Amino acid sequence: MKLLTFYDQGIHKLGVKTEHGILDITASVKNGINFDIKTDIMDVISGFKEEVSRLQDFIEYSINEEKAVFANEDEITWGPCVTRPHKIICVGLNYRKHADETNAPYPEVPILFNKFDNTLTGHKEEIPVPKVTEKLDYEVELGIVIGKKAKYVNVDEALEYVFGYSTVNDLSARDLQLRTPQWLLGKSCDKFSPVGPFLVTADEVGDPNNLTLKTYVNGELRQNSNTSDMIFNCAEIVSYISQHMTLEPGDIILTGTPEGVVMGYPEDKQHYLQPGDVLTVEVEKLGSLTNYFIEE
């Protein structure tokens, strides 16, 4: 299932991408359908597989009974496909070729840092380039969304705790990131974590460690890799984090970026993001996420 959110008078509404279009769940519920389902994306995530099953029954019934209400995909204002995560946890230097291009040794354990909910934004949203940076970089990443509480989880069981996956862009102000040993400042400016367009349930994705990732800047291909190049795979990441903190439903884990970031180019070829640039990141099976950069 491909879930999403979109704005209606400033409120996040739940949608589902179907072969007929984007189903407006809230409007369809109000159309006289007596189903006990959740209409908030975070409640669906917390309900995990049971709630997805109920939602699927609702979708089939509403379409068959011609009570489904659809939203125009070309007219909606997209929201982040996860709206209120308790934690946003990121993994640094998790692709071999990315570590190579930045002349960094392969880490012996996952390098973790965090972002905050001020960084969340959606597909097709404008992102102001902060006045405080001259080196704004892109990072296409596979995002893991946790579906049930996880603590001290074994590697071989870790993916059972995953609700689904999404395309994420871990925007990074390199001059701020590298100013100190802590990366947080360069990662946490407003709208620095576009996520979407869809949250795709794990059953539709299959193996998360065999997915193609790509980045385009103004139509030019900059990143082109596969999650198989990860140093620590998705199950290892979930398990490792769960040894140190409890993962909650709706938590997002950004699993790292492959080679091709601006910082990895020779200095005379480093062209960082500027107002007017159009950036698209995509992950196989999860969809393309486009954002437009503007002057702050």
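Predicted model, so just to flag it, every value in this text is computed and none were measured. Numbers here are sequence positions counted from 1.
- Ion pairing between a basic and an acidic side chain is recognised when a charged N comes within 4.0 Å of a carboxylate O; D203 and K49 show no such pairing.
- A 6.0 Å sphere centred on CD1 of I11 holds no more than 12 heavy atoms belonging to other residues, nucleotides or ligands.
- Of the possible donor and acceptor atoms, none in the side chain of D137 sits under 3.5 Å from a partner among the backbone N and O of V261.
- Applying the 6.0 Å contact sphere to CD of E66 captures no more than 12 heavy atoms from other residues, nucleotides or ligands.
- For Q56, the CD atom sits in a packed shell: over 12 heavy atoms of surrounding residues, nucleotides or ligands are nearer than 6.0 Å.
- Under the salt bridge (Lys or Arg N to Asp or Glu O under 4.0 Å) rule, R174 has a single partner from E134, E267, E139, which is E139.
- Looking only at distances, a side-chain donor or acceptor of T255 sits under 3.5 Å from a matching main-chain atom of L142.
- Contact check for C81 versus L3: no side-chain heavy atoms found under the 4.5 Å cut-off.
- A cation-pi arrangement is present between K148 and Y161, with the terminal nitrogen or guanidinium carbon under 6.0 Å from the aromatic centre and inside a 45° cone about the axis.
- In this structure, K97 does not pair ionically with D229, as no charged nitrogen and carboxylate oxygen lie closer than 4.0 Å.
- Between the CZ atom in F163 and the OG atom in S46 there is a gap of 9.5 Å [rounded to 0.5 Å].
- One finds no salt bridge joining R54 and D36 here, because no Lys/Arg side-chain nitrogen approaches an Asp/Glu carboxylate oxygen to under 4.0 Å.
- Taking a 6.0 Å sphere around NZ of K135, one finds it holds 12 or fewer heavy atoms contributed by other residues, nucleotides or ligands.
- Aromatic rings from F6 and W78 are positioned such that their centres are separated by 6.0 Å or more.
- Atom-to-atom distance recorded for M42:CE and T83:OG1 is 5.0 Å, nearest 0.5 angstrom.
- Using a distance-only test at 3.5 Å, with no hydrogens or angles considered, no donor-acceptor pair links the side chain of T246 to the main chain of S242.
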**Message:** Walk me through whether Y61 and F35 qualify under ring pair (Phe, Tyr, Trp, His ring centres under 6.0 Å).
**Reply:** CA-CA 10 Å; Y61 178 86; F35 261 78; 5.4 Å; yes
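- Remark: K13 engages D24 in a salt bridge, criterion side-chain N to carboxylate O under 4.0 Å.
- Taking a 6.0 Å sphere around NZ of K38, one finds it holds 12 or fewer heavy atoms contributed by other residues, nucleotides or ligands.
- To the nearest 0.5 Å, atoms OH (Y106) and CG (N94) are separated by 11.5 Å.
- Salt bridge annotation for K2-E204: present, with a cationic side-chain nitrogen under 4.0 angstrom from a carboxylate oxygen.
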